[in-house]
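A quick write-up on the structure given underneath.
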Amino acid sequence: EIRRAMEAGADVENALYGDEAVKAYMASGTGHLVVSPKSMLGYKLEGNAREALLRIATQLLRHIRTTASAQLGTDVRAAVMGRPVRFRSSMKEAGGVQALEILTDTAYAAGFDSVEFLEEPAAAAYGYHRAVATPRRTLILDIGGGTTDIALAHVGGTAAAPVIDGSWGDPVGGTDVDI
């Protein structure tokens with residue numbers, strides 16, 4: 001079954017996203033359900049696995065770019081993308097380098113002209129910063145599907161942006177934390 005599915009490949013051109021994708025998959029029991037492709041980017045990708053992941057990630061980022069462009073009424077060509085402090089990886093630090101290279105390549109292939117990365121707990125600090133009237137020192141904890149990230153930040157008040165004192169990450173999350 002696995003070999004036949006890999007040989008067939010994934011039809012990324014007609015992909016569904018979010019709840020619509022999950023409902024369609026549950027209703028039909030066919031197709032490919034890809035959950036959190038970002039968590040795969042730091043692993044040694046051999047054979048057609050790398051190509052398939054590149055196609056999926058490119059199509060996903062293209063969908064995000066075209067949807068944002070339609071919602072905003074302008075052609076979105078730049079992105080700031082969240083990233084874990086440390087990617088899950090079978091290749092240690094080289095896996096993180098590979099993951100960022102793949103994300104950068106797929107962002108350009110999806111039509112972005114500019115892409116930057118922001119560690120996920122720092123991104124959460126930016127979001128929280130706008131919601132806090134009184135300045136405070138805050139510990140941001142982000143337990144995601146594949147990583148656990150922490151940042152210490154000064155948020156709130158009249159400053160334009162939070163001040164991130166530091167961030168740390170461990171490539172353990174999701175069901176690893178549940179276990």
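Side-chain atoms are counted along with the backbone in the values below, which use heavy atoms only and exclude waters and symmetry mates.
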Expected output: side-chain T147 to main-chain D149 donor-acceptor under 3.5 Å: no
Using modelled atom types only, decide if a donor and an acceptor are shared between the side chain of H129 and the backbone of G156 within a distance under 3.5 Å. yes
Which pairs with one or both residues in residues 93-113 pass side chain to side chain donor-acceptor pair (under 3.5 Å), sequence neighbours excluded? R77-D113
Sequence neighbours left out, what passes ring-ring contact (aromatic ring centres under 6.0 Å, His included) with Y17? Give chain and number order. H63
Just how far is it from atom CG of L54 to atom CG of L45, taken to the nearest 0.5 Å? 8.0 Å
Output all residues satisfying side-chain contact (heavy atoms from CB on, under 4.5 Å) with T148, sequence neighbours left out; order by chain, then residue number. L141, I143, V177
Would the distance check show the side chain of R65 and the main-chain N or O of A107 forming a donor-acceptor pair, the cut-off being under 3.5 Å? no
Are L16 and K23 packed together at the side-chain level, in the sense that at least one heavy-atom pair is separated by less than 4.5 angstrom? no
Clusters formed by hydrophobic residues whose side-chain heavy atoms approach within less than 4.5 Å: which one holds V172, and what are its other members? none
Point-to-point distance, once rounded to the nearest 0.5 Å, from CD1 of I64 to CD of Q59: 10.5 Å
Contact between P171 and F87 at the side-chain level, heavy atoms closer than 4.5 Å - yes or no? no
For S69 and V76, indicate whether the former's side chain and the latter's backbone hold a donor-acceptor pair under 3.5 Å. yes
Co-membership, hydrophobic cluster, residues L60 and L41, 4.5 Å side-chain: yes
Let me check something: any side-chain donor-acceptor pairs from residues 78-86 under 3.5 Å, sequence neighbours excluded? List them with distances.
residue	atom	partner	partner atom	Å
R83	NH2	V85	O	2.9
R86	NH1	G169	O	3.4

Report yes or no: do L53 and L100 belong to one cluster of Ile/Leu/Val/Met/Phe/Trp/Tyr joined by side chain heavy-atom distances under 4.5 Å? yes
For residues 117-124, please give each side-chain donor-acceptor pair under 3.5 Å, one per line with the distance, not counting sequence neighbours.
residue	atom	partner	partner atom	Å
E119	OE1	S167	OG	2.3
E120	OE2	K38	NZ	2.3

Decide whether M91 and Y43 are clustered together by the hydrophobic rule: side chain heavy atoms of Ile, Leu, Val, Met, Phe, Trp, Tyr closer than 4.5 Å, transitively. no
Grouping I, L, V, M, F, W and Y whenever their side-chain heavy atoms are under 4.5 Å apart, do I164 and Y128 come out in a common cluster? no
When you measure from the side chain of S90 to the backbone of K44, do you find a donor-acceptor pair of N or O atoms at a distance under 3.5 Å? yes
Minimum heavy-atom distance A99-G42, with the two atoms named: CB-N, 4.2 Å
